[in-house]
Chemist: 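Before I ask anything, let me first share the structure, which is written out below as structure tokens.
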Amino acid sequence: MEKSKVLVVGGTGFLGRRIVSASLSQGHPTYVLQRPETGLDIDKLQMLLAFKKQGAHLVEGSFSDLESLVRAVKLVDVVICPISGVHIRSHNILLQLQLVEAIKRAGNIKRFLPSEFGFDPARMGHALEPGRVSFDDKMVVRKAIQDAKIPFTYVCGAGFAGYFASNLSQMGTLIPPKEKVLIYGDGNTKVSIVDEDDIAAYTIKTIDDPRTLNKTLYLRPPENELSQKQLVEMWENLIGKKLEHISISEEDFLASMKGMDYAGQVGVGHFYHMFYEGALTNFEIGEEGEEASKLYPEVKYTRMNEYLKNYA
């Protein structure tokens, strides 16, 4: 079967660049939106040129120029938009409404994958302020997609390993603690943590798969559904040293929001839902969804004990 042509919007971002690489490596004709907003960001420009050298096509377009988006969309079969929705980087989820309009006008797209990849926003109607804005905005985009009758796949359900494994899920750092580790509650709540390259590989697998059409793909590979305590124990075994465990209650953790900046408050809310509620894993996947590692056993996903060796 001929492989779908893919347009990645946000292809120089943290996840986007991995999705471009996965699309190329899985043999899809791959287009990357080159936005004038890149300006003097030479790192992004050089990344785009590196993609071009690997066989990707660069196509100019901007969220502020709808016609340019329509032209870009008409070149492909599938659009993927892993644009940032994380406040410590940038929060641009609603920009996708322009992309939805472009896809609607172009009329040729057989699948759209908007920016999701973390919590399933449809399950987060109870989320805390101010962090709920991430989920509310994603639901606005979903409604626009469904109102426009655009075929979709939503990829959800994982904590990114770079943000939640390497640091043993500590806030404010990306490297493992050396002496003490903060444990959320009893530390036994299960969380799904997936290497970002694996997220990209699973994402690209879905685009020509009829089993994922108009469904949610959940990233919950069984060996990566871990509690924080299990993650910490893996690290302790790797370095041959026991860390001091400091438990923080639900009440104290939420109280830590006071005095934080906006991005910090958003982060606390998201950590709360992940590590106290277990919002990534506390539900059964129903008929509206599929689990990635079951559909695609050929993806040899990275186990977290292997991942942590990079930091030991």
Chemist: Is it true that a side-chain atom of E196 and a backbone atom of F14 form a donor plus acceptor pair closer than 3.5 Å?
Modeler: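 The answer is no, because no donor-acceptor pair under 3.5 Å joins these two groups.
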
Chemist: Between L15 and V194, is there shared hydrophobic-cluster membership here, with clusters defined by ILVMFWY side-chain heavy atoms closer than 4.5 Å?
Modeler: yes

Chemist: Just checking E129: does its CD atom have more than 12 heavy atoms from other residues, nucleotides or ligands closer to it than 6.0 angstrom?
Modeler: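 Correct, the count exceeds 12.
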
Chemist: Evaluate the ring-ring contact (aromatic ring centres under 6.0 Å, His included) criterion for residues Y276 and F253: first the C-alpha distance (whole Å), next the side-chain angles of each, then the deciding distance (0.1 Å), finally the verdict.
Modeler: CA-CA 10 Å; Y276 291 92; F253 185 68; 5.4 Å; yes

Chemist: CG of D209 to OG1 of T153: how many Å apart, nearest 0.5 Å?
Modeler: 8.5 Å

Chemist: Tell me whether S21 contacts the main-chain N or O of R17 through its side chain, where contact means a donor paired with an acceptor under 3.5 Å.
Modeler: yes

Chemist: What distance do E233 atom CD and L238 atom CG have between them, rounded to the nearest 0.5 Å?
Modeler: 11.5 Å

Chemist: Examine F160 and M124 and state if one hydrophobic cluster contains both, with Ile, Leu, Val, Met, Phe, Trp and Tyr joined whenever side-chain heavy atoms are less than 4.5 Å apart.
Modeler: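 Linked within one cluster.
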
Chemist: Take F164 and F271 through the test ring-ring contact (aromatic ring centres under 6.0 Å, His included) and record every step on the way to the result.
Modeler: CA-CA 10 Å; F164 294 103; F271 268 69; 5.2 Å; yes

Chemist: Using every non-hydrogen atom in the two residues, find where I103 and I150 come nearest and quote the distance to one decimal.
Modeler: CG2-CD1, 3.7 Å

Chemist: If I compare all heavy atoms of K205 with all of Q26, which pair ends up nearest, and what's the gap?
Modeler: N-OE1, 3.7 Å

Chemist: Which pair of non-hydrogen atoms, one from V141 and one from I93, has the smallest distance, and what is that distance?
Modeler: CG2-O, 3.7 Å

Chemist: Could you tell me if the side chain of V6 sits less than 4.5 Å from the side chain of D77, heavy atoms only?
Modeler: no

Chemist: Show your reasoning for whether side-chain contact (heavy atoms from CB on, under 4.5 Å) applies to E179 and L243.
Modeler: CA-CA 5 Å; E179 303 296 333; L243 303 180; 5.6 Å; no

Chemist: Under 6.0 Å between the ring centres of H270 and F135?
Modeler: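 Here the rings of F135 and H270 have centres that are less than 6.0 Å from each other.
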
Chemist: If we ignore hydrogens and angles and just use 3.5 Å, is the side chain of D195 paired with the main-chain N or O of A161 as donor and acceptor?
Modeler: no

Chemist: Please report the interatomic distance OG1(T281) to CG(L226), rounded to the nearest 0.5 Å.
Modeler: 10.5 Å

Chemist: Closer than 4.0 angstrom, basic N to acidic O: yes or no for D120 and R142?
Modeler: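 Yes.
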
Chemist: Under the criterion salt bridge (charged side-chain N to carboxylate O under 4.0 Å, His left out), which of E291, E290, E284, E225 is the partner of R220?
Modeler: E225

Chemist: Starting at CE of M234, measure out to NZ of K229 and round the result to the nearest 0.5 Å.
Modeler: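 The distance works out to 15.0 Å.
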
Chemist: Quick one: are L295 and R211 in side-chain contact, heavy atoms under 4.5 Å?
Modeler: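 L295 reaches R211 side chain to side chain.
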
Chemist: Tell me, do D137 and H91 make a side-chain contact under 4.5 Å, heavy atoms counted?
Modeler: yes

Chemist: Does the side chain of F117 reach to within under 4.5 Å of the side chain of P82, using non-hydrogen atoms?
Modeler: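 A side-chain contact exists here, since the closest heavy-atom pair is under 4.5 Å.
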
Chemist: Could you tell me whether E306 and R303 make a salt bridge, using a distance below 4.0 angstrom between a side-chain N and a carboxylate O?
Modeler: no

Chemist: With a 3.5 Å distance limit and no angle check, can you tell me whether H245 reaches the backbone of V232 through a side-chain donor-acceptor pair?
Modeler: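 Pair absent, no side-chain N/O of H245 close to backbone of V232.
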
Chemist: Between R105 and E101, is the closest basic N to carboxylate O distance under 4.0 Å?
Modeler: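 The answer is yes: the pair qualifies as a salt bridge.
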
Chemist: Take a 6.0 Å sphere around CD1 of I42 and say whether it holds more than 12 heavy atoms from other residues, nucleotides or ligands.
Modeler: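 No, not enclosed.
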
Chemist: Using the rule given for side-chain contact (heavy atoms from CB on, under 4.5 Å), can you reason through L97 versus V140, listing the C-alpha separation, both sets of side-chain angles and the distance that settles it, and then say yes or no?
Modeler: CA-CA 9 Å; L97 294 175; V140 168; 4.1 Å; yes

Chemist: Under the salt bridge (charged side-chain N to carboxylate O under 4.0 Å, His left out) test against D208, which residue among K110, K3, R111 passes?
Modeler: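 Exactly one pass, corresponding to K110.
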
Chemist: Hey, any chance I80 and L217 share a hydrophobic cluster, counting ILVMFWY side chains that come within less than 4.5 Å of each other, even indirectly?
Modeler: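 Both belong to a single hydrophobic cluster.
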
Chemist: Does K241 have more than 12 heavy atoms from other residues, nucleotides or ligands lying within 6.0 Å of its NZ?
Modeler: yes

Chemist: So, does Q146 use its side chain to make a donor-acceptor pair with the main chain of K143 at under 3.5 Å?
Modeler: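 Not confirmed, Q146 side chain does not pair with K143 backbone.
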
Chemist: Over all heavy atoms of both residues, which pair between V73 and A106 is shortest? Give the atoms and the distance, please.
Modeler: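 So the two residues come closest at CG1-CB, 3.6 Å.
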
Chemist: Can you list the steps and then say if N167 with I175 is a side-chain contact (heavy atoms from CB on, under 4.5 Å)?
Modeler: CA-CA 4 Å; N167 55 0; I175 57 174; over 6 Å; no

Chemist: Grab the two heavy atoms, one from L128 and one from G269, that are nearest each other, plus how far apart they are.
Modeler: CD1-CA, 4.5 Å

Chemist: Just so I know, are the side chains of T212 and V155 near enough to count as touching, which here means a heavy-atom distance under 4.5 Å?
Modeler: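 Not touching, per the 4.5 Å side-chain cut-off.
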
Chemist: What about I19 and V32, same hydrophobic cluster or not, with Ile/Leu/Val/Met/Phe/Trp/Tyr joined at side-chain heavy-atom distances under 4.5 Å?
Modeler: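 Linked, I19 and V32 end up in one cluster.
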
Chemist: Could you state the interatomic distance from CG (L7) to CZ (F112), rounded to the nearest 0.5 Å?
Modeler: 9.5 Å

Chemist: Measure from the ring center of Y218 to the ring center of Y154 and say whether it is less than 6.0 Å.
Modeler: no

Chemist: Is it the case that the side chain of S192 and the backbone of L219 share a donor-acceptor pair, with hydrogens and angles ignored and the cut-off at 3.5 Å?
Modeler: yes

Chemist: Is there a donor-acceptor pair closer than 3.5 Å between any side-chain N or O of D41 and the backbone N or O of K44?
Modeler: yes

Chemist: Is any NZ, NE, NH1 or NH2 atom of the basic residue among R123 and E277 found under 4.0 Å from an Asp or Glu carboxylate oxygen of the other?
Modeler: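 Salt bridge between R123 and E277, a charged N being under 4.0 Å from a carboxylate O: no.
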
Chemist: Are side-chain heavy atoms of E288 and N214 found at a separation under 4.5 Å?
Modeler: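 When only atoms from C-beta onward are counted, N214 and E288 do not touch, as no gap falls below 4.5 Å.
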
Chemist: Any chain of hydrophobic side-chain contacts (each under 4.5 Å) joining V79 to I207?
Modeler: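 Different hydrophobic clusters.
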
Chemist: Start with the C-alpha distance between I83 and L95, add both sets of side-chain angles, then the distance that settles side-chain contact (heavy atoms from CB on, under 4.5 Å), and finish with yes or no.
Modeler: CA-CA 9 Å; I83 200 164; L95 279 180; 4.1 Å; yes

Chemist: To the nearest 0.5 Å, how far apart are OG1 in T302 and CD1 in I193?
Modeler: 13.0 Å

Chemist: So, the side chain of T30 versus the backbone of H28: is there a donor-acceptor pair under 3.5 Å, distance only?
Modeler: yes

Chemist: If we only count heavy atoms from C-beta on, is the V8 to Y31 side-chain gap below 4.5 Å?
Modeler: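 Counting from C-beta outward, V8 and Y31 never come under 4.5 Å.
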
Chemist: Could you check if a side-chain atom of Y311 sits within less than 4.5 angstrom of a side-chain atom of L168, using non-hydrogen atoms only?
Modeler: no

Chemist: Taking NZ, NE, NH1 and NH2 as the nitrogens, is one of them in R18 or D197 under 4.0 Å from a carboxylate oxygen of the other?
Modeler: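 Salt bridge between R18 and D197, a charged N being under 4.0 Å from a carboxylate O: yes.
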
Chemist: What closest approach, in Å, do S115 and K138 show between heavy atoms, and which atom pair accounts for it?
Modeler: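 Residues S115 and K138, closest heavy atoms: O-CE, 3.5 Å.
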
Chemist: Can I get a per-line list of side-chain donor-acceptor pairs under 3.5 Å for residues 55-66, giving both atom names and the distance, sequence neighbours left out?
Modeler:
unit_1: S62; atom_1: OG; unit_2: E37; atom_2: OE2; d: 2.6
unit_1: S62; atom_1: OG; unit_2: S64; atom_2: N; d: 3.0
unit_1: S62; atom_1: OG; unit_2: S64; atom_2: OG; d: 2.8
unit_1: D65; atom_1: OD1; unit_2: E67; atom_2: N; d: 3.3
unit_1: D65; atom_1: OD1; unit_2: S68; atom_2: N; d: 3.3

Chemist: Could you list the donor-acceptor pairs under 3.5 angstrom formed between side-chain atoms of residues 180-191 and any protein atom two or more places apart in sequence or on another chain?
Modeler:
unit_1: Y184; atom_1: OH; unit_2: S169; atom_2: O; d: 2.6
unit_1: D186; atom_1: OD1; unit_2: N188; atom_2: N; d: 2.9
unit_1: T189; atom_1: OG1; unit_2: F275; atom_2: O; d: 3.1

